[in-house]
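A quick write-up on the structure given underneath.
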Amino acid sequence: MRHGVARFVTGFLALPVALYLFYVVWPFAQAAGYSLTDWGGYSDRQEFVGLDNYVRLLSDELIRKAFWHNVFFLVTVPLFTIALALFLAFLLNVGGREDRAGVRGVFGSGLYKVIFFFPQVLSLVVVAVMWQQIYRSDSQGLINGVLMKIGLVDPDNPIAFTADPEPFLGVPAVLWWLLLIAVWSGAGFYMVLFSAAMQSIPRDIYEAALLDGAGPFHTFFRITLPLLRDTVSVAWVYLGFIALDMYALVFVMTPSQGGPNHASEIFASVLNFTAFQKGQFGYACAMGVALAIFTILLAALQLRITRRERIEF
Amino acid sequence: MSVTPENAADLSRRSLLRRAAAAGLLVTPAAGLLSACAGSEPSKSDEAGGTKSKDNPFGIKDGSAVKVVIFNGGLGDQWAKEDKAVFNAKHPNVTVNMSSTQKIKTEEQPKMATQPSDLIMNSGADIMDISTLVNEGAIEPLDDLLTAPAWDGEGTVADTLLPGTVADGTFQGKFFVVNVAFTVWGNWYNGALFAKEGWEPPKTFDEFFALAPKIKAKGIAPYVHDAVHGYYPRWALMATIWKSAGKQAVVDIDNLKENAWKADGILPALQAWEKLVKDKLLLPGNLNHTQSQQAWLDGRAAFIQVGTWLKNEMAATIPPGFEMKLSDYWGLGATDKAPKDVFAGAGEGLVVPSKAPNKAAAKELIRAILSKSGSAKFAELTKSLASTKGSGDGVQDSALATANELMKNAPKDLIKTKFWDFYADLDKESQNLSEELMAGRLTAQGFVDKMQAAADKIAKDPSVKKQTRDA
């Protein structure tokens with residue numbers, strides 16, 4: 001009988017594993033294979049070129065620029081998203097009236113939760129198209145239109161948003177505007193995630209803190225945040241992946257997909273250009289493999305740094 | 001491509017793939033890469049068996065099917081459906097499976113090495129790079145199509161085409177791309193508005209700069225352009241360069257000749273554009289193509305430069321009483337070497353993949369598209385000229401009429417730039433720099449210097465296959 005169950009379970013698992021190997025792992029392996037060739041992408045003619053593509057990668061100016069833009073997102077997207085999500089989650093779950101025993105959120109927190117979570121329901125391309133209208137750089141754009149009406153923006157000199165390459169704090173303005181969208185669309189999900197984690201923290205701990213006279217500031221930094229460490233760490237890794245991608249936003253929002261004049265170029269946009277415009281699939285595969293290795297290293301490093309003893313409660 | 005006899009194993013593989021595709025599994029890019037590995041096997045061909053005749057010069061087989069993908073952009077896809085009817089009138093037993101999309105490359109590229117469609121209209125922003133297709137041997141030379149008899153007229157197919165069409169589709173000495181639309185580019189204006197105000201459409205930048213203050217006085221921006229896709233402003237910049245510096249200067253640019261961008265007449269042409277930006281004659285804001293075109297239709301700007309697909313693209317939102325008229329690009333005046341040359345040429349290219357299973361029917365379908373009845377329908381439905389002679393003769397439309405007029409007065413030489421088809425890197429760089437110049441962040445001198453540097457880089461790169469044009 002037990003033997004029969006094992007066979008049944010194995011049978012069930014074999015198909016998904018096979019599909020996974022065939023459609024996920026095998027294409028990855030193929031991409032690694034192609035990265036050692038000069039394949040053009042439209043035919044079956046290809047020649048083995050060894051590590052040439054990787055050597056070329058190291059001296060590619062555009063890739064270097066794209067790499068630093070990715071690093072910018074890698075630092076800022078998780079930082080701002082998690083900070084905002086934590087702040088919102090804290091307000092909605094424990095930031096309520098402090099004079100009463102017990103833990104509660106601010107008034108109307110249920111409604112806020114729905115509103116903040118809403119962007120998560122939209123696909124990223126829908127988000128991007130919506131923000132195109134918000135960012136539109138004439139009087140018909142949402143932000144420019146309002147600011148022009150109240151006289152804060154000169155109609156002859158509207159805010160250019162994603163068409164603006166001028167540096168702000170050393171980083172092209174277009175990247176900051178893209179960052180705003182990424183944080184806006186991501187924060188709601190992590191707010192819900194952190195809310196769930198906060199609700200699993202026993203009330204006694206908060207009550208004890210309250211009796212000891214802790215205000216919201218101390219409650220947050222001494223109790224909530226340390227007990228959320230695992231969740232934040234997972235969120236950080238996950239947001240890291242998103243930050244390394246950013247492709248949909250760059251593709252839809254920026255002029256010439258990575259512009260103006262390469263100011264918003266990221267790994268994925270250079271990869272796309274190299275594969276599909278230049279017809280150098282071999283080289284593009286090398287970029288993909290390099291990005292994959294970088295991502296895996298980063299995730300490993302991140303989990304290693306944040307690993308520590310679990311707190312049981 | 002070799003033609004293998006039908007055998008059971010081959011057939012089952014094909015039907016298996018088809019079923020998988022139906023399940024939606026093959027559309028993932030990963031699976032596309034995956035199926036590419038099977039590309040070395042010769043695919044089955046439906047070509048064998050048809051008898052060749054004057055009415056059927058490629059010998060297409062009765063009962064076969066042909067898969068066609070049409071780019072559904074500014075020209076729509078209704079014209080293609082009409083051509084399908086033209087085709088089926090002669091070949092009722094050949095099934096034409098026609099679909100249309102805006103995502104040509106995304107959908108077709110993964111299939112190119114194994115199971116491509118038979119006929120692809122390679123066009124739009126998501127276009128498969130032509131020089132890569134040619135270099136990779138991924139598309140079929142169509143020289144036999146040119147020598148085939150015309151569908152419903154005298155002579156060969158080549159005889160029915162407008163000048164420039166064969167040259168536009170020829171790469172490395174062979175004819176690969178059948179461009180079906182004949183596009184004329186220039187500066188568009190509202191004829192009704194200009195008549196009311198008594199304005200004359202300018203022929204040179206000086207005339208434009210003289211008119212601009214009058215336009216501004218009416219609260220209208222003199223000029224608007226697409227500031228998101230760099231190839232839009234680039235057409236205008238290259239047209240002025242050609243008019244000012246002459247044809248040879250642009251031929252030298254395309255051929256990566258040393259210091260080609262430093263030739264006489266190029267810098268002044270770009271300086272005219274620099275002045276247009278500096279003098280704040282542009283509508284503020286970074287609009288894309290449809291936004292800028294709508295701003296122009298809404299009367300917020302007087303001039304916009306774009307090709308003859310404009311009318312069809314904006315058909316739904318043209319205000320009543322608006323009279324779309326096309327005027328030639330502006331030159332610099334007395335110093336111009338080719339002031340009367342018009343920017344026009346064949347575009348919207350049809351290609352037949354080398355691995356297409358039914359190439360005969362694909363070619364026959366092109367013959368139908370290039371027929372007299374097909375191209376007349378094309379002009380009528382798209383408000384754009386077809387690349388066959390006389391396609392626009394029966395059409396009453398002010399936009400098309402002014403385009404026709406422009407073509408009638410045009411000299412033999414048409415403005416034509418090739419470097420952006422030849423080299424993807426130079427294409428990208430020139431688009432970016434055109435945007436920068438029009439955004440006022442780059443001077444004319446800076447544009448020339450940076451383009452020269454980019455061209456030199458391509459010229460020195462041994463990994464880039466060089467191409468040249470003679471004329």
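Proteins come first, then strands; the chains are lettered A, B, ... in the order of their sequence lines, and each starts at number 1. If you're wondering where the values come from, they're calculated on a predicted model, not measured in any experiment.
Around the OH atom of A:Tyr238, the shell of radius 6.0 Å holds no more than 12 heavy atoms that belong to other residues, nucleotides or ligands. The number of heavy-atom neighbours closer than 6.0 Å to CZ of A:Phe48, taken from other residues, nucleotides and ligands shown, is above 12.
For A:Glu166, the part lying under 4.5 angstrom from a heavy atom of chain B is the side chain only. Residue A:Gln132 does not touch chain B at all, counting heavy-atom pairs closer than 4.5 Å. Residue B:Asn288 does not touch chain A at all, counting heavy-atom pairs closer than 4.5 Å. With a 4.5 Å cut-off on non-hydrogen atoms, A:Phe273 touches chain B through its side chain but not through its backbone.
Counting heavy atoms from C-beta outward, B:Arg300 and A:Asp138 have side chains that approach closer than 4.5 Å. Between B:Leu287 and A:Arg136, the closest side-chain pair of non-hydrogen atoms falls below 4.5 Å.
Pairing each heavy atom of A:Pro260 with each of B:Glu435, the nearest pair is CA-OE1, 4.3 Å. Across all non-hydrogen atoms, the minimal contact from A:Ala160 to B:Asn286 is CB-ND2, 3.6 Å. Of all non-hydrogen atoms in A:Pro255 and B:Ala227, the two that sit nearest each other are CB-O, 4.2 Å.
By number of non-hydrogen pairs under 4.5 angstrom with chain A, the leading residue of B:Met112, B:His229, B:Gln109 is B:Gln109. Note: B:Glu136 leads B:Glu136, B:Lys280, B:Gln431 in heavy-atom pairs under 4.5 Å with chain A.
In this structure, CZ on A:Phe276 lies 7.0 Å from OG1 on B:Thr106, to the nearest 0.5 angstrom.
A salt bridge between A:Lys278 and B:Asp425 is present, with a side-chain N of the basic residue lying under 4.0 Å from a carboxylate O of the acidic one.
Taking 4.5 Å as the heavy-atom cut-off, the residues of residues 438-467 of chain B that approach chain A are B:Arg441, ordered by number.
A donor-acceptor pair is defined here as one N or O able to donate and one able to accept, closer than 3.5 Å; such a pair exists between the side chain of B:Lys428 and the backbone of A:Ser256.
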